[in-house]
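The chains referred to below are lettered A, B, ... by the order of the sequence lines, with proteins before strands, and numbering in each begins at 1.
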Amino acid sequence: MSIDTSKLDNGVRVRFPPSPTGDPHVGLIRSALFNYAFAKHYGGKLVLRIEDTDAARNTEESYQAILQTLRWMGLEWDEGPEVGGEHGPYRQSERGEIYQDMAARLRESGFAYPCYCTAEELEAARELARQEKRNPGYEGTCRNLTPEQIAAYEAEGRTHVLRFRLPDRQIAWNDLVRGEIAFEAENVPDYPLLRADGSPLYALTNPVDDALMGITHVLRGEDLLPSTPRQIPLHEALVELGVSKQVPEFGHLPFVMGEGNKKLSKRDPQASFSYYPRTGYLPEGVLNYLALLGWSLGNDEEIFGKQELVAGFDGTRINSSPARFDLKKCEAINAVHLRRLETEDLAKRILPFLDREGLLLGGEDGHLADEGEWRTLLAATPLVQERMTVLSEAVPMLGFLFTGDGTDRRHAFQVNEADAEKVLTADAWPALAAATAALSALGTEESPWTVQAIDDALRAALIEGLGLKPKNAFTPVRVAVTGRRVSPPLFESLELLGRDRALARLNAATTRARAAASTAS
RNA sequence: GGCCCCUUCGUCUAGCGGCCUAGGACACCGCCCUUUCAAGGCGGCGGCGCGGGUUCGAAUCCCGUAGGGGCUACCA
């Protein structure tokens with residue numbers, strides 16, 4: 001099954017209309033993702049439109065964050081800010097004249113009328129209705145004012161909003177996600193399009209822009225569902241006025257929820273989208289996980305990329321029930337994508353995280369100052385690839401390889417104190433001393449400093465020589481050399497670290513263990 | 001209060017009248033592998049909100065009911 005787009009002159013046109021207030025929310029980005037996938041599936045266009053008519057709440061940072069996030073996710077828009085298009089401008093704050101013109105036409109043609117009720121009067125009416133358990137919507141007081149009444153109000157100095165006149169009939173549509181939905185006329189009151197000061201409201205700008213921009217399908221959050229029966233008649237009016245060709249189809253996406261039964265709160269750190277790039281999630285992983293919130297491929301395959309999403313996303317199998325955001329699963333899916341990356345690709349992505357923590361010498365324009373650091377990173381990447389879920393985890397795992405001697409910005413090598421306390425004890429002294437001796441012998445022509453030689457030497461010295469269990473034998477060496485009880489594989493780590501640094505660290509650890517031994521005895 | 005939406009394992013989901021003694025994934029718990037941690041392999045735990053219908057047969061259709069959520073602005 002699939003959606004019939006054969007009657008669309010210009011193909012599928014969908015839009016993503018964020019309001020630039022605050023950090024982008026994961027639910028918002030999922031909405032962008034679904035719209036993108038829907039558009040691309042049908043070979044259509046995605047329009048990015050900024051709904052910034054509320055000057056008090058909009059910020060430039062939020063606007064920039066939205067563009068940046070969409071690009072990070074690889075959700076390129078076909079029309080919108082910075083890319084242009086024939087229906088611009090794409091920021092509503094720049095479309096004031098259009099809204100005034102539309103409002104005037106709606107009023108002239110009788111689709112809208114001036115309402116002189118004051119906020120106090122309306123509030124009182126609402127309150128009364130609530131008490132009498134009636135529907136608290138606008139009661140149509142000013143629906144049929146005569147020119148004389150209007151003149152009288154004007155003479156009084158009253159101001160008016162422009163109100164849209166709803167038809168007196170049931171309003172129904174076939175929701176892309178939920179099927180038939182119907183609202184009775186008495187539950188869809190007339191609503192304001194312009195404020196008393198003449199400025200346009202969302203109720204006007206959103207449908208007008210959808211009409212003007214030729215939007216064919218509106219996929220938006222479930223929270224907007226109750227506003228759809230208001231918008232459909234407005235769209236019909238705009239069609240009648242020749243502004244647009246058809247009323248768009250609507251589909252209402254389920255919520256993305258957080259803990260408990262509430263929408264993912266802006267207070268949850270992982271609700272802000274910026275959390276993901278910052279923590280080292282991959283765009284591939286986040287895209288994959290977000291797509292699973294309210295949608296699935298329909299088979300048992302949960303790991304997929306953008307191409308597969310687009311290929312499968314025909315808009316017919318979007319779930320109608322809310323989805324809880326599960327960070328654990330998001331991590332797990334991210335980890336799968338991370339393990340699938342080519343070594344060099346992964347290394348390049350790890351680089352900024354090491355740099356950010358001051359583990360690299362630091363170059364200009366994101367280039368490394370030292371080619372050796374890149375070779376080390378390239379060699380170390382396979383060791384940590386299947387041990388990471390997000391890129392930032394590479395920092396503690398690889399830190400022992402990227403240390404300075406105090407003459408540059410890099411941190412000096414440091415053993416984790418808690419781990420040293422537990423492991424570099426009197427008991428560990430013999431193992432450390434034996435390991436140091438065994439490794440000292442390596443690094444020559446006949447016994448090179450290689451993984452295999454290190455492996456052989458340490459096993460001979462510690463397992464066979466001292467009769468230790470592997471775990472007891474290698475853990476002290478691991479802490480001595482990597483600074484932590486948890487590290488990449490030991491022999492590979494030693495090889496990468498190099499003989500000099502490895503022996504220096506072993507000597508230091510041996511000294512420490514010997515001191516512990518003499519204290520103990 | 002009114003209107004509207006939603007309801008399959010803890011979570012995300014498959015399921016669209018018989019293939020379901022309900023499948024997969026994450027999480028969790030065992031075991032195996034193992035130089036740590038992971039990864040990987042094997043196994044386990046665990047669900048159709050409830051009540052009526054319709055039908056030879058219902059997770060799937062219908063009607064109730066309960067619970068959850070949204071909206072109810074001269075915000076978007």
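Distance check on atom P: G70(B) versus C63(B) gives 26 Å, rounded to whole Å. To the nearest whole angstrom, the two C1' atoms, one in C45(B) and one in C3(B), are 43 Å apart. Nucleotides A59(B) and U13(B) place their C1' atoms 14 Å apart, quoted to the nearest Å. Nucleotides C37(B) and G44(B), compared at atom P, are 26 Å apart to the nearest Å. Between G49(B) and G24(B), the distance separating the two C1' atoms is 23 Å to the nearest Å. Separating the C1' atom of U7(B) from that of C48(B) is a span of 10 Å, rounded to the nearest Å. Of the C1' atoms belonging to G52(B) and G47(B), the separation is 23 Å, rounded to the nearest Å. For G46(B) and A27(B), the C1' atoms lie 12 Å apart once the distance is rounded to whole Å.
Mapping Thr53(A) and Val177(A) onto RNA chain B by nearest heavy atom places Val177(A) closer to the 5' end of the strand. Of the two residues contacting RNA chain B, namely Ala332(A) and Glu180(A), the nearest-nucleotide position lying further toward the 5' end is that of Glu180(A).
Remark: Glu139(A) pairs with Arg134(A) by the side chain to side chain donor-acceptor pair (under 3.5 Å) rule, at least two apart or across chains. Tyr191(A) meets the side chain to side chain donor-acceptor pair (under 3.5 Å) test with no other residue; sequence neighbours excluded. With sequence neighbours excluded, the residues forming a side-chain contact (heavy atoms from CB on, under 4.5 Å) with Pro89(A) are Glu94(A), Arg95(A), listed by chain and number. Taking the side-chain contact (heavy atoms from CB on, under 4.5 Å) definition, one finds that Glu284(A) meets it with Leu282(A), His337(A), Leu341(A), Arg349(A), sequence neighbours left out. The side-chain contact (heavy atoms from CB on, under 4.5 Å) search around Asp326(A) returns Tyr289(A), Lys328(A), Lys329(A), not counting sequence neighbours. With sequence neighbours left out, Ile463(A) forms a side-chain contact (heavy atoms from CB on, under 4.5 Å) with Arg459(A), Pro470(A), Ala473(A), Phe474(A).
The aromatic ring centroids of Phe34(A) and Phe313(A) lie less than 6.0 Å from each other.
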Enumerate all atom pairs, one protein N or O and one N or O from nucleotides 9-12 of chain B, separated by less than 3.5 Å.
residue	atom	partner	partner atom	Å
C12(B)	OP1	Arg324(A)	N	3.0
C12(B)	O2'	Leu292(A)	O	3.0
C12(B)	O2	Lys329(A)	NZ	3.3

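Closest approach to the Lys328(A) side chain among A27(B), G2(B), A76(B) is made by A27(B) (side chain taken as heavy atoms from C-beta onward).
Among the atoms of the strands shown, only primed sugar atoms or phosphate atoms (P, OP1, OP2) are found under 4.0 Å from some heavy atom of Gly298(A).
Remark: C74(B) base-pairs with no nucleotide in the shown strands. Criterion, Watson-Crick or G-U wobble with two distances under 3.5 Å. Pairing for A66(B) is with U7(B), a Watson-Crick or G-U wobble pair whose two hydrogen-bonding atom distances lie under 3.5 Å. The partner of U55(B) cannot be assigned: no Watson-Crick or G-U wobble pair with both contacts below 3.5 Å exists in any strand. With a 3.5 Å ceiling on both atom-pair distances, C48(B) lacks any Watson-Crick or G-U wobble partner. Base-pair partner of C33(B): not found among the strands shown (Watson-Crick or G-U wobble, both distances under 3.5 Å).
When only modelled atom types and interatomic distance are considered, Trp173(A) and Asp175(A) share a side-chain donor-acceptor pair under 3.5 Å.
By the 4.0 Å N-to-carboxylate-O rule, Arg484(A) lies too far from Asp419(A) to be salt-bridged with it. At a threshold of 4.0 Å, the pair Arg163(A)-Asp190(A) does not count as salt-bridged, since none of the basic side-chain nitrogens sits closer than that to a carboxylate oxygen.
At least one donor-acceptor pair closer than 3.5 Å links the side chain of Asn35(A) to the backbone N or O of Ser31(A). Between the side chain of Thr69(A) and the backbone N or O of Ala65(A), at least one donor-acceptor pair lies under 3.5 Å.
One atom, CG of Leu253(A), and another, P of C4(B), lie 21 Å apart when rounded to the nearest Å. Between Arg57(A) atom CZ and A73(B) atom P the separation is 15 Å, expressed in whole Å. Separating the CD1 atom of Ile318(A) from the P atom of A14(B) is a distance of 12 Å, rounded to the nearest angstrom. Atom-to-atom, CD of Glu123(A) to P of U72(B) comes out at 13 Å; the value is rounded to the nearest Å. Note: CG (Leu297(A)) to P (G24(B)) measures 17 Å, nearest angstrom. Atom CD1 of Ile333(A) is separated from atom C1' of A27(B) by 13 Å (rounded to the nearest Å). Glu222(A) has its CD atom 16 Å from the P atom of G68(B), to the nearest Å. In this structure, the OH atom of Tyr191(A) is 13 Å from the P atom of C74(B), given to the nearest Å.
The stretch residues 192-204 of chain A touches RNA chain B through Pro192(A), Arg195(A), Ala196(A), Leu201(A), Tyr202(A), each having a heavy atom within less than 4.0 Å of the strand. Non-hydrogen atoms lying under 4.0 Å from RNA chain B are contributed by nothing in residues 162-176 of chain A.
A 6.0 Å sphere centred on CG of Asp168(A) holds no more than 12 heavy atoms belonging to other residues, nucleotides or ligands.
Relative to the ring axis of Phe250(A), Arg220(A) does not place its NZ or CZ within 45° and under 6.0 Å from the centre.
The stretch residues 463-478 of chain A participates, sequence neighbours left out, in these side-chain hydrogen bond (donor to acceptor under 3.5 Å, both in side chains) pairs: Arg478(A)-Ser487(A). Residue pairs that meet the side-chain hydrogen bond (donor to acceptor under 3.5 Å, both in side chains) test with at least one member in residues 56-66 of chain A, sequence neighbours left out, are Asp54(A)-Arg57(A), Glu60(A)-Gln64(A).
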query = Taking protein heavy atoms under 4.0 Å as touching, what does nucleotides 29-51 of chain B look like 5' to 3' if B marks base contact, S marks sugar-phosphate-only contact and - marks none?
reply = ------BBBBS------------
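Arg317(A) has no side-chain polar atom (N or O) that falls below the 4.0 Å cut-off from OP1 or OP2 of U13(B).
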